[in-house]
Visitor: 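Could you have a look at this structure, given as C-alpha cells, before my questions?
Below, read A as the first sequence line, B as the second, and so on, with proteins coming before strands; counting in each chain starts at 1.
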Protein chains: 2
Amino acid sequence: MKDVKFNYNPHISVDCVVFGFDGEKLKILLIERNIDEGKEFYSDKKLPGSIIYEEEGLDTAASRILTELTGLKNVFLTQFHSFGDPQRSSNPRDVNWLEMTTQTKIGRIVTVAYIALIKIDRKIVFDSESTTAKWYDLDDLANMKLAFDHNEIALKALSFMRRFISLVPNALFELLPKKFTMTELRSLHDIVVGVTSDVRNFQKKVLQTPGLIPLDEVKKNVPHRAPKLYSFDKRKGSKIFF
Amino acid sequence: MKDVKFNYNPHISVDCVVFGFDGEKLKILLIERNIDEGKEFYSDKKLPGSIIYEEEGLDTAASRILTELTGLKNVFLTQFHSFGDPQRSSNPRDVNWLEMTTQTKIGRIVTVAYIALIKIDRKIVFDSESTTAKWYDLDDLANMKLAFDHNEIALKALSFMRRFISLVPNALFELLPKKFTMTELRSLHDIVVGVTSDVRNFQKKVLQTPGLIPLDEVKKNVPHRAPKLYSFDKRKGSKIFF
DNA sequence: TGCTTATATTGTAAAAAATACGCTATGAAA
DNA sequence: TTTCATAGCGTATTTTTTACAATATAAGCA
C-alpha cells in the first residue's frame, strides 16, 4: 500500500478534515475502517490521516495522505491546529490499527490538523485496502464516536473553517461546483457563516466581487424557473490569508 | 536545570514568540545563547522554546518552557502554527546546542509555535544557566539571523498576531500596563493593526467597550497636560476566539 | 507668576455601508 | 392554461464610519 522506500516518523501525524457541500448541507469525509479483532469484527470511523515520513514536510504529508486515502489531488488544504494531549493516542484499538496499517511501532503521537475544502462532485476513490471513504452529514458528527480525538479535531476544524471563510469568503468557491447558481452560493454562505442573508442584498454585494462571472447559461432540469449559472475566476478574485 | 524525573520527547518542540509593547514600539523577547565551540565562542539568538516531555501536553509544555526561560507565569499563550520542514533542524550548531542543554539525542523536530502577549513591565528572569532573555525591537528582526527557522516563525507569528487582534481587540490589553492612557491604547492598536486612527473616533468606539473603566487618576510626571488613566476588566469585556 | 510648550479633551455633519422590504417573471408539471 | 415553485430585480431607511478643529491643562522656564 505504501512506498517502502520511505521510513515513517511514528511521532507525528497529519489529519485532514475534508469539507464538502451537497447543495443543502455541509459534509465531512470520513474513513471507515474495519478492524479484525480475532473474536469479533469491529468497524468505526476516523479522519483521513496518518503518520508522516521521516523526510517529509507537513503540508506535503497532508497532501500525500489525502491522495492515498481518497485519490484526491490539488486540494485546497490549510493547517489549522496541532493536537498533542498525551492521552490522545492511548486507545489500544487506535494504536493497534495504526501499527498494523503502517507496520510501525507507535507511541505517543502529536498530530497536525488540516482543513480541506473540495467540490463534492470530484471523483473520490472510495475504497482502499482496509478503508472506505464516505461523506457524512456534519450534523451527525455529534452522534458518532470517531477514533483518537477526532471528534474534537473535527469540531475545532469547523469553528476554524467558519472563521476562515468570514476572513476569506472567496474560499467558499472551493466547495461549489465550477458552475453554480446564486442560490447555491447564498445558501452555502449562510450555512457556513451562520446567518440568513437577504436575497437581494446578498446578490448586490456578491456581484461586485471581481472574478465572479455570470454565464450565458441556466441550470437545466429544475422543476421551476431555471436559474442563471455563474462561475468564479480565482485569478481575478483572490485575497490572501497568511 | 531541568527536572530529571521527566523524559524528553526529542521529536517535538514548542517555541514561543513573546510580544511586548514599550509605549512606542512592538518588542519581541529573544534568548541569547552562548555557544562554546572549543576554538571559538559563538553567540546568537533564538525564540524561547525547547523539546517537550514525553508525558506533557502542548499548551502545558509551552507554558512550562516559558516559565523556565523567563520566569513568567500566567501568560496569555495561543498556539498558532506548526513548522515541520525536514531541514529546519539541520544546522549542526542548533542540534549540538539542543543536545547539550537537554542531554538528549536529537533528530528531526517538528515545532508547535505559540504567541504570547505580555506586559513589558513584568519582571523577567533575564539570566538562566546558559542563556539570557532580552527584548528586541521587532523592526530589527529582519537584520538578525535567528537559530533554526525562527525568523520564519517570528514573521508568521507577527502576521497571526495582527489578524488575531483584529478579531479579538481585547487581547491588546494583555500588552498594556494595568493602568494606561487612551493615547497608549490607540498607538498600540494602530501599530498592531497597521492603521492610523482618528483620535476622536477611536475614543468614541473604545469607550463603548464593556470592561473599559476610566479611573479617577491621571498619569504623573508628563511635561504637558496629564492624561487620564484607564483600566480594563477582563471579566466584563471578553470575547472568545477558539 | 505668567508665558510657552506639548499633548488632552471633546461634538457634529457628511458619506458610506448595511438593512428592510414585495412584486413580477418564467420553466416545469399537471 | 393553470398551478407551483423559485428566479430576478430597485428603492427608501437606518446604522456605521469617516472627516474635521478649537479649547483645556500640566509642566517647565523666564
Visitor: Is the backbone of A:Glu152 close enough, under 3.5 Å, to the side chain of A:Asp149 for a donor and an acceptor to pair up by distance?
Guide: no
Visitor: If you pin A:Val222 and B:Asp198 to their nearest nucleotides in DNA chain C, which one's is more 5'?
Guide: B:Asp198
Visitor: Counting only N and O atoms by type, is there a donor-acceptor contact under 3.5 Å from the side chain of B:Glu184 to the main-chain atoms of B:Thr181?
Guide: yes
Visitor: Figure out the CG/C1' separation between A:Asn221 and D:dA5, and round it to whole Å.
Guide: 16 Å
Visitor: Rounded to whole Å, how long is the line connecting atom CZ of A:Phe202 with atom P of D:dG10?
Guide: 18 Å
Visitor: Could you state the CZ-P distance from B:Phe180 to C:dT7, rounded to the nearest angstrom?
Guide: 20 Å
Visitor: Quick check on B:Lys145: does its NZ atom have over 12 non-hydrogen neighbours (other residues, nucleotides or ligands) under 6.0 Å away?
Guide: yes
Visitor: Which whole-number value in Å describes the distance from A:Gln203 CD to C:dT19 C1'?
Guide: 16 Å
Visitor: Measure from the side-chain heavy atoms of B:Ala226 and tell me the nearest of C:dC21, D:dA21, D:dA26.
Guide: D:dA26
Visitor: Base, sugar-phosphate alone, or nothing: which one does A:Pro223 contact when heavy atoms must sit under 4.0 Å apart?
Guide: base
Visitor: State which of D:dA19, C:dA8, D:dA7 makes the closest approach to the side chain of B:Asn201.
Guide: D:dA19
Visitor: Under a 4.0 Å N-O cut-off, is there an ion pair linking B:Asp121 with B:Lys119?
Guide: no
Visitor: Give the nucleotide from the list C:dT9, D:dA7, C:dA8 with an atom nearest to the side chain of B:His224.
Guide: C:dA8
Visitor: Between A:Glu217 (CD) and D:dA7 (P), how many Å, whole number?
Guide: 17 Å
Visitor: Measure the distance from NZ on B:Lys219 to C1' on D:dA27 and round it to the nearest whole Å.
Guide: 15 Å
Visitor: What I want to check is whether the side chains of B:Thr196 and B:Asp190 have a donor and an acceptor closer together than 3.5 Å.
Guide: no
Visitor: To the nearest Å, give me how far apart CZ (A:Arg200) and P (C:dA18) are.
Guide: 17 Å
Visitor: With the side chain of B:Arg225 defined as its heavy atoms from C-beta on, choose the nearest nucleotide among D:dA24, D:dC20, D:dG8.
Guide: D:dA24
Visitor: Would you mind reading off the distance between A:Lys205 atom NZ and D:dC9 atom P, rounded to a whole angstrom?
Guide: 19 Å
Visitor: Give B:Thr183 one of three labels, base, sugar-phosphate or nothing, depending on what nucleic acid heavy atoms sit under 4.0 Å from its own.
Guide: sugar-phosphate
Visitor: Between A:Lys204 and A:Tyr230, just flag the one whose closest nucleotide in DNA chain D comes earlier from the 5' side.
Guide: A:Tyr230
